[in-house]
Amino acid sequence: IFLFPSVSLHPFPNVSYKLLLYERNWLNRWKTTTLHEGEGTITNIKWRGNLVAWSNSVGVKIYDASSKQRITNISRDNTNFRPDMYLCSLCWKDNVTLIIGWATSVKVCVVKERDPTDLRDLPTRYVEIVSAFESEFHISGLAPLGERLVLLMYVNEMLEQTDKEHCARPRLDIIHHLPDSYEEISSDALSVRGFQENECRDYSLEHSDGEPLFYIISPRDIVVAKERDQDDHIEWLLGKKKYEEAMMAAEISQKNIKRHNILDIGRAYVNYLVDKGDYHGAARKCQKILGKNMDLWENEVYRFKKIGQLKAISQYLPRGDLRLRPAIYEMILYEFLESDYEGFASLIREWPGDIYNNMTVVRSVLDHLDRAPSNRTLLTTLAELYTYDQRYDKALEIYLKLRHKDVFQLIHKHNLFSSIKDKIVLLMEFDKEQAVNMLLDNEDKISIVKVVEELKDQPELQHVYLHNLFKRDHHKGQKFHERQISLYAEYDRPNLLPFLRDSTHCPLEKALEICQQRNFVEETVFLLSRMGNSRRALQMITEELQDVDKAIEFAKEQDDAELWEDLISHSIDKPPFITGLLNNIGTHVDPILLIYRIKEGMEIPNLRDSLVKILQDYNLQILLREGCKKIIVSDCLTLLKKMQKTQLRGVCVDEENICESCHSPILPTDIAKTFSVVVFHCRHMFHKDCLPTPGMFCNICSAKRRRPAGGLGEA
C-alpha cells in the first residue's frame with residue numbers, strides 16, 4: 001500500500017493477480033478501478049506523483065492517474081532468467097524518471113509529454129528509454145543518488161577447486177549511467193549473515209527521499225548505508241595507516257571536515273613514523289605539521305632528545321621568522337660536538353649566528369681543542385664563530401694558520417687590511433695570485449712601498465708582486481725598476497726583454513752590465529741598439545748568435561745604410577749568410593752590390609733559387625711602380641678636370657660685396673658709369689683702380705703667405 005497525503009488514490013495489488021486503484025469520491029466513499037489483471041503475479045509497484053509503475057513476469061507498466069491511461073508497457077529482456085528468482089526492481093529518480101533493474105539489465109526511462117498536434121488516438125504521455133546497459137552481476141535493488149545510481153547486486157563466483165558457482169557477498173556499487181554503458185564510481189562488498197545461502201530475490205534495496213539513507217534488506221540483517229563524507233574518508237585512511245593521504249584529504253577539505261583537523265592528523269603521522277623508526281621522515285614532517293607553534297616544536301625537540309635522535313631533527317628546526325629558545329639550538333650543537341665534528345661544523349655554517357649564545361658555544365669548542373689542538377674542522381669552525389662574533393683578528397689568525405681559502409674573502413668583506421700588513425709573506429706563500437691581486441686592488445690601504453719592504457727577504461715573491469704591478473701600470477713602480485732588472489734576470493728571464501722594451505725608467509747601463517755578466521745576448525743586443533751602439537749589437541748577432549735572419553731583421557729596424565754595409569762585409573765569407581741576404585735584401589739594398597762582392601768560385605747553397613727570387617721581387621717592384629703611376633696620373637687628371645670645372649663657374653657680385661682695398665661697395669651707385677672689378681679664385685674682390693699693381697695674384701692672400709690665387713677675371 002502506498003499512501004501519499006496529497007493524493008487520494010491508492011493502488012493495491014491483491015492476491016488474485018489484480019492491481020486495483022481505490023479513489024475517494026466527493027461523498028468520501030471509495031471507488032475501485034482495476035488497473036491490471038491476467039498476467040501473473042505483480043512483484044513490485046512504485047508510485048510517484050500521478051504516475052504508477054508496476055512489474056510482473058511479463059514486463060513493466062506505467063499508468064497516468066491524471067489522464068486515467070496506461071501510457072507504456074516495457075517488456076522483460078532477459079527471458080533466460082526465471083522471473084520468480086530474479087525479481088524486477090523499480091525506483092523513481094524524480095517525478096518523470098523511472099529506473100528499472102531486472103536480472104542483469106538496467107533501463108532508465110523518462111516520461112515525456114506528447115506533441116499536442118499529434119492527432120493519433122494515443123495517450124497524452126509516452127516513455128523514452130534514455131539509457132540501457134547490462135551489469136556484471138544480478139540486480140537485487142536500485143536507488144538514485146543525485147545524478148548517479150546505487151545498485152545492490154547479487155554475486156555468483158566460480159570456485160577454482162570444484163568449478164562450481166557459490167554465493168559471494170553482495171555488492172553495493174555506485175555508478176554513472178551512460179546511453180549504452182556505465183562508469184563505476186565505487187564498489188563495496190557487504191558483510192551480511194548467511195550470504196552463502198541467499199538468492200538474488202532474498203535481497204532488496206530501499207531508500208529515503210528525505211535524506212541520503214539506503215536500507216539493504218537480507219533474510220537475517222538490515223544494513224543502513226549513507227553517503228560517505230570527508231570525515232569518514234579521513235577516518236578510513238587513518239585506520240589503514242595512510243597518513244599522507246589523510247593529510248592531503250584534510251588540507252583539501254579543511255573547511256568541511258568536523259571530526260578531524262590537520263594538526264591532530266599530522267601529529268598522529270609523526271608518532272607513527274617515530275614508532276616505525278623513520279626518525280628523519282618524522283622530523284621532516286614536523287616542518288609542515290608544527291608550522292610556527294613554538295611550544296609544539298620544543299616539545300618535539302625534547303621528545304627526540306629522549307629517544308636519542310636530536311641529529312635527525314636538527315636540519316629541520318625553524319630558523320627564520322620563528323625562533324626557538326637559544327638553549328634548544330645549543331643543546332643540539334652540544335650533541336653534535338660530542339660525537340660528530342663535521343656535522344657540528346655544517347650546523348654552524350647553516351644556522352644564523354644569532355639563534356644561539358655564541359660565546360657559550362666558543363667556550364665549548366675551546367674545551368674540545370684542548371683535547372685535539374690540531375683538529376682542522378674544529379679550528380675552521382672556531383674561526384667562523386669568531387667571525388659571527390666580529391672578532392675578525394682571531395678568525396684571521398686561524399685562517400692563516402690553516403691556509404684556508406676563505407682568508408681573502410674574510411679580509412675583503414671586513415676590511416682587515418690593517419691587520420695583514422705584517423702577514424703579507426704568509427698570504428703570498430699561501431696563494432700568490434690571490435694575494436697579489438688583493439694587494440694591487442687595495443694600494444690605497446697597503447702601499448706599494450710597504451709591500452716591497454715586507455717582501456725584501458723573499459726576492460722571488462717580491463718579483464711576482466712587482467711583475468704584476470708592472471703589467472698593470474708601467475709607471476707606478478718606477479722606483480723599483482732597477483731592482484726588477486736583477487729579479488727578472490734571476491727568476492724570470494723570458495719576461496726580461498719585454499720589461500726592458502716597455503720600461504722607460506730602468507737605467508740602461510745597469511741593465512747592460514747585468515746582461516753582459518749573465519751573457520744574455522738578446523737582451524744585450526737590445527740594450528746596445530737602444531743606447532745607439534747598433535754596430536756592436538749587429539756584431540753580437542752575427543758572431544755570437546750567428547742568426548742571419550735576426551741580423552737582417554735588426555738591420556731593417558735600424559734602416560741604416562752603414563749597418564747594411566757592415567752586415568754585407570761580415571757575411572761575404574759565409575755562404576749561409578749570403579743566401580739569407582739574397583732572399584731578404586732586395587727591397588732595402590740593391591742586390592747587385594752584394595752579388596758583385598761575392599768571390600768567384602764560392603759555393604753558395606740555393607743560389608739559383610735566391611737569384612730567381614731577386615728577379616721576381618724586382619719585377620714585382622716594377623709592376624707596383626707602374627700601377628701606382630697609372631693611379632696617380634688618373635687621379636691627377638680627374639682632379640685637374642674638377643678644378644677647371646670649378647674655376648669656370650661664375651661668381652655672384654652684388655651690392656653687399658666690398659672692395660678689399662678701399663672697403664667701399666664693389667658696385668658703383670650709378671650703374672650707367674663704366675667700372676672695372678677684379679675677382680680672384682679666393683673670392684677676394686677689388687676695384688681695378690684700387691690694386692696697387694695690376695696682376696694675377698691676390699694681394700691679401702700673398703701677404704698671408706698662402707698659396708697664390710689666380711684671378712678669375714675683370715668685370
Side-chain angles (χ1 to χ4, degrees), residues 230-231 233-365 368 381 384-385 388:
Q230 199 65 13
D231 278 304
H233 179 55
I234 292 172
E235 189 168 349
W236 181 84
L237 290 171
L238 293 175
K240 297 293 184 181
K241 307 297 184 184
K242 297 182 177 181
Y243 293 98
E244 190 75 34
E245 296 179 31
M247 284 191 62
M248 291 178 61
E251 289 172 357
I252 294 171
S253 305
Q254 56 182 328
K255 293 182 179 179
N256 299 324
I257 57 177
K258 299 176 181 178
R259 302 195 307 272
H260 300 89
N261 62 69
I262 297 174
L263 180 59
D264 291 342
I265 297 171
R267 297 187 70 181
Y269 190 15
V270 172
N271 294 337
Y272 168 73
L273 292 174
V274 170
D275 294 339
K276 188 180 173 183
D278 186 4
Y279 303 111
H280 285 279
R284 183 167 55 252
K285 292 300 176 184
C286 285
Q287 277 189 313
K288 181 178 181 180
I289 295 165
L290 304 182
K292 296 186 178 182
N293 192 320
M294 188 172 73
D295 294 334
L296 292 178
W297 266 110
E298 294 190 355
N299 290 337
E300 285 298 324
V301 172
Y302 284 117
R303 176 188 178 188
F304 274 73
K305 176 178 173 57
K306 187 176 180 180
I307 61 178
Q309 293 296 329
L310 276 178
K311 291 183 179 180
I313 201 172
S314 62
Q315 56 184 317
Y316 304 109
L317 289 182
R319 48 184 183 268
D321 295 336
L322 174 67
R323 302 282 179 90
L324 306 182
R325 290 181 296 110
I328 300 294
Y329 300 102
E330 292 165 15
M331 178 173 64
I332 294 174
L333 289 174
Y334 297 151
E335 178 78 14
F336 275 92
L337 190 56
E338 291 296 330
S339 59
D340 184 1
Y341 287 161
E342 293 295 336
F344 174 75
S346 297
L347 288 183
I348 293 297
R349 285 192 293 271
E350 293 172 7
W351 286 0
D354 58 346
I355 64 174
Y356 51 83
N357 189 318
N358 194 285
M359 289 306 303
T360 303
V361 178
V362 167
R363 284 194 292 270
S364 299
V365 175
H368 280 265
T381 307
E384 292 173 357
L385 289 169
Y388 294 150

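Residue numbers run from 1 in the order of the sequence given.
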S.K.: Do we see a donor-acceptor contact under 3.5 Å between the side chains of R363 and N357?
M.R.: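 No, because no side-chain N or O of R363 sits under 3.5 Å from a partner of the opposite role on N357.
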S.K.: With sequence neighbours left out, what residues match A268 under side-chain contact (heavy atoms from CB on, under 4.5 Å)?
M.R.: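 Checked A268 against side-chain contact (heavy atoms from CB on, under 4.5 Å); matches are Y243.
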S.K.: Determine, stepwise, if the pair F344 / V365 fulfils side-chain contact (heavy atoms from CB on, under 4.5 Å).
M.R.: CA-CA 10 Å; F344 174 75; V365 175; 3.6 Å; yes
S.K.: Search all heavy atoms of K292 against all heavy atoms of L322 and return the closest pair with its distance.
M.R.: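 Minimum heavy-atom contact is CA-CD2, 3.4 Å.
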S.K.: A side-chain contact here means heavy atoms from C-beta on lying under 4.5 Å apart; do Y329 and L347 qualify?
M.R.: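 Contact flag for Y329/L347 side chains = no.
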S.K.: Please report the shortest heavy-atom distance between A312 and H280, naming the atom on each side.
M.R.: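 That would be CA-CE1, 3.7 Å.
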S.K.: Taking C-beta and beyond as the side chain, do E300 and I289 meet within less than 4.5 Å on heavy atoms?
M.R.: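 Heavy-atom side-chain distance check fails, nothing below 4.5 Å.
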S.K.: Please report the shortest heavy-atom distance between R319 and Q315, naming the atom on each side.
M.R.: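 Minimum heavy-atom contact is NH1-O, 3.6 Å.
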S.K.: So, taking the atom named CD in E298 and the one named CZ in R325, what distance separates them when rounded to the nearest 0.5 Å?
M.R.: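 Interatomic distance, E298 CD to R325 CZ, rounded to 0.5 Å: 4.0 Å.
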S.K.: Before giving the answer on side-chain contact (heavy atoms from CB on, under 4.5 Å), spell out for I355 and I328 the whole-Å C-alpha distance, their side-chain angles and the decisive distance to 0.1 Å.
M.R.: CA-CA 9 Å; I355 64 174; I328 300 294; over 6 Å; no
S.K.: Where do F304 and A283 come nearest, in terms of heavy atoms and distance?
M.R.: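 It is CZ-N, 4.0 Å.
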S.K.: Please lay out, stage by stage, how Y388 and D354 fare under the test side-chain contact (heavy atoms from CB on, under 4.5 Å).
M.R.: CA-CA 8 Å; Y388 294 150; D354 58 346; over 6 Å; no
S.K.: Other residues, nucleotides and ligands only: do more than 12 of their heavy atoms fall within 6.0 Å of NZ on K311?
M.R.: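 More than 12 within 6.0 Å, yes.
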S.K.: Closest heavy-atom contact between N358 and L385?
M.R.: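 Scanning both residues, the minimum pair turns out to be OD1-O, 3.4 Å.
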S.K.: Has the side chain of W297 got a donor or acceptor atom that lies under 3.5 Å from a matching backbone atom of Q287?
M.R.: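 Pair absent, no side-chain N/O of W297 close to backbone of Q287.
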S.K.: Any non-hydrogen side-chain atom of Y334 less than 4.5 Å from a side-chain atom of T360?
M.R.: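 In short, these two side chains touch, coming nearer than 4.5 Å.
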S.K.: With heavy-atom distances below 4.5 Å as the criterion, would you say the side chains of S364 and E330 are in contact?
M.R.: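 In short, these two side chains do not touch, never coming nearer than 4.5 Å.
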S.K.: Quick check: are there more than 12 heavy atoms from other residues, nucleotides or ligands sitting under 6.0 Å from CZ of R267?
M.R.: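 Open: at most 12 neighbouring heavy atoms sit under 6.0 Å from CZ of R267.
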S.K.: Answer yes or no: is there a side-chain heavy-atom contact under 4.5 Å between W351 and L317?
M.R.: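 The answer is yes; the side chains approach within 4.5 Å.
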S.K.: Is there a side-chain contact between H368 and E338 in this structure, where contact means two heavy atoms from C-beta onward sitting under 4.5 Å apart?
M.R.: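 Yes; the side chains approach each other to less than 4.5 Å.
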S.K.: For the atom pair OH (Y272) and CD1 (I265), what is the distance rounded to the nearest 0.5 Å?
M.R.: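 Y272 OH to I265 CD1: 15.5 Å, rounded to 0.5 Å.
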S.K.: For the OH atom of Y302 and the CD1 atom of I307, what is their distance to the nearest 0.5 Å?
M.R.: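 Those atoms lie 15.5 Å apart.
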S.K.: Mind listing the closest non-hydrogen atom pair of Y279 and V274 along with its distance?
M.R.: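 The pair with the smallest heavy-atom distance is CE2-O, 3.8 Å.
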S.K.: To the nearest 0.5 angstrom, please state how far the NZ atom of K242 sits from the CD1 atom of I234.
M.R.: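 K242 atom NZ to I234 atom CD1 measures 14.5 Å (nearest 0.5 Å).
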S.K.: Among residues two or more places apart or on two chains, list those pairs meeting salt bridge (charged side-chain N to carboxylate O under 4.0 Å, His left out) that have a residue in residues 276-287.
M.R.: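 Every salt bridge (charged side-chain N to carboxylate O under 4.0 Å, His left out) pair that includes a residue of residues 276-287, provided the two are not neighbours, is E244-K285.
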